[in-house]
Amino acid sequence: MFTPTYVVQQIINGVNLGSMYALIAIGLTIVYGLLRLINFAHGDLMMLGAYLGLLLLSATFTPLLLTLLIPMLVIGFVGVLVERVAYRPLRGAPEVTMLITSLAVSSIIENTMVMSVTAQPRAFTLPPGVNQLHTVAGVSFSTLDMLTVGLSVTLMIALTLYIRTSRTGIAMRAAAENLRAARLMGIDINHVVMVAFFLGSALAAVAGWLWAAKYSTVEPFMGFLPGLKAFVAAVIGGIGVIPGAMLGGYLLGFAEIFFVGFLPPAFSGYRDAFVFALLLIILLIRPNGILGVSTDERA
Amino acid sequence: MLQIEGLTVAYGGIEAVRGVSLDVAEGELVTIVGNNGAGKTTTLMAISGVAPIRSGRIVIDGAETTRLAPHAIVARGVAHCPEGRLVFGRLTVHENLRLGAYQRRDGAGVRQDIDRIYALFPRLLERRTQLAGTLSGGEQQMLAIGRALMSRPRLLMLDEPSLGLAPLIVQRIFSVIRQLHAEGVTILLVEQNAHLALTVADRAYVLETGEVRLAGRAKELIDNPEVRKAYLSQ
Ligand SMILES: Nc1ncnc2c1ncn2[C@@H]1O[C@H](COP(=O)(O)OP(=O)(O)O)[C@@H](O)[C@H]1O
Ligand SMILES: [Mg+2]
């Protein structure tokens, strides 16, 4: 009933969607690992990245790669700014306080966008050729799909190398494990948190661009659902653990695509319900997520 | 090297350390002994800038550090090997050592010092790529001491390095402490095992419910009847 080509096609779609979830989930998980902050504004930075990308794309002569790179940098700094202004004053506050604050930040960003560019969705138009379809042995994918997967994987490899080997990367992992011990080592936590927000927000901006390109549209609330699902992905993989966020992102991407692709069409509408059911099941089996470690061994 | 005047630290309403004054001279090995809950750990945490100081002054090398951020205190040459070791279990032995040198920018010197630590504790060399969480308690303590040494501290603070370890390992660790002291490292040692601490230290402070109860030369305190009764009884 399902031909091998069909299966391969679904796998490609799964990798595609999973790459984007993974990119978003990374930022959520790094920040949570360091500050125990569930950053609801993360999806909104993704949205801002998409808008900025659109702006640059409409300024005709910007090379495609720059329309990605500039939002990465700019949104990275926006993330740093948000941390400075909204989250740093709350350092050490209860988790609920930080959570509510991030909801407020999210709402401020969304409403500012509604006021300045209206809630009207806009077409996210790519230069000719990017949407071109290629068909290999009956399986079809676009240049955009290749860009999505290629760029996401490249960025994740780069990030992994950075986290594994650089001085700041090691400090970041140490701080996520035990904040107080990390401070005793002479690590300036503010610096580590700043780098974390920069990296996470930059990756969210890329994801926003790719997301908008895939669905050919941007609107101020576009970050909400992907942000929420990426959070699910981070929790599934083990929140606070970066490889967990990547794994969770791909698992979720595959699960969603397969759910829609291999079950009767009548089920398609329950796709999001299925995602959350999957979360519950995985957490029942592994309460700390797949790669997660038991919480609060930290001092 | 280190002077503390009238230090009071309070967690919420509870004063864990009350008006403690103490000092450590360059090259000295000073110990703080006292029962569980006396405020020893809190005193060290205050020196490191991670405890809520209510009043008092901490001076390191003539400059006040009382309200400095922990990383600024590390920059003044203080290394803290905390109670319970607090090695980073999800980092390798090698990464833990690298972190000890977090503020140092001399890559070659850092690599040299890592080799020195491995020479000091050959067990760590065997386990260099292992996650620190998989080490035994004694190995973790060696790692914690090695990690603290990686900053090339001017003042090394050790909090209960013998806690929960087998006698043979305690001996090994204390012989390293002696060796470091002989090399001229200034050490502030916190111990519940008062006998052991008083044998290696030059001077000692006895802390009781947050206050300095006694102070003096370690050799004299060992023979002090009050100390013998309260801390050296067995
Ligand atoms: N983080 C903390 N919050 C509240 N009380 C604390 C904290 N740390 C220590 N205390 C209290 O402060 C007192 C001194 O503790 P501590 O400095 O750990 O003593 P010691 O190291 O001598 O055993 C104890 O009564 C302890 O319960
Ligand atoms: Mg203690």
Side-chain angles (χ1 to χ4, degrees), chain A residues 29-30 32-34 88-89 91-94 160-196 237-245 247 288-299, chain B residues 41 44-52 68-107 110 129 131-133 140 143-144 146-153 156-159:
Chain A
T29 221
I30 306 182
Y32 182 85
L34 288 172
R88 190 170 301 178
R91 201 65 64 73
T160 303
L161 287 177
Y162 178 76
I163 297 289
R164 293 236 73 88
T165 61
S166 77
R167 177 171 166 274
T168 307
I170 297 176
M172 206 175 275
R173 284 185 286 137
E177 186 174 330
N178 189 324
L179 202 59
R180 180 185 254 201
R183 301 178 81 195
L184 292 180
M185 296 302 108
I187 296 166
D188 179 357
I189 298 302
N190 285 339
H191 174 74
V192 170
V193 168
M194 191 181 81
V195 174
I239 187 117
V241 184
I242 295 170
L247 179 68
N288 295 309
I290 298 170
L291 300 181
V293 280
S294 68
T295 42
D296 283 44
E297 53 194 46
R298 57 163 42 197
Chain B
T41 297
L44 294 197
M45 290 297 181
I47 297 170
S48 282
V50 293
L68 289 187
H71 63 92
I73 292 169
V74 172
R76 301 290 170 93
V78 177
H80 189 151
C81 178
E83 180 178 33
R85 329 186 219 296
L86 308 188
V87 296
F88 300 104
R90 280 180 268 150
L91 269 53
T92 65
V93 166
H94 198 76
E95 286 170 338
N96 269 277
L97 290 177
R98 268 186 74 184
L99 262 186
Y102 180 75
Q103 293 195 351
R104 288 176 57 183
R105 293 296 192 171
D106 56 324
V110 169
T129 57
L131 295 186
Q140 289 193 6
L143 179 57
R147 186 181 63 175
L149 287 173
M150 281 306 299
S151 66
R152 287 207 179 159
L156 174 65
M157 302 198 294
L158 300 165
D159 196 344

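Note on naming: letters A, B, ... go to the chains in the order of the sequence lines (proteins, then strands), and numbering restarts at 1 for each one. These numbers come from the heavy atoms of this one structure, side chains and all, not from hydrogens, waters or symmetry mates.
- In this structure, NE2 on His71(B) lies 14.5 Å from CE on Met185(A), to the nearest 0.5 angstrom.
- Closest approach of Met45(B) to Arg180(A), counting heavy atoms only: CE-NH1, 3.4 Å.
- Residue contact with chain A, scored on non-hydrogen atoms closer than 4.5 Å, involves the backbone of Val87(B) exclusively.
- The shortest non-hydrogen separation linking Tyr102(B) to Ala171(A) is CE1-CB, 3.5 Å.
- Rounded to the nearest 0.5 Å, atoms CG (Leu184(A)) and CE (Met157(B)) are 7.5 Å apart.
- For the residue pair Ser166(A) and Arg98(B), the shortest heavy atom distance occurs at C-NH2, 4.2 Å.
- One finds the CD atom of Glu95(B) at 4.5 Å from the CD1 atom of Ile170(A) (value rounded to the nearest 0.5 Å).
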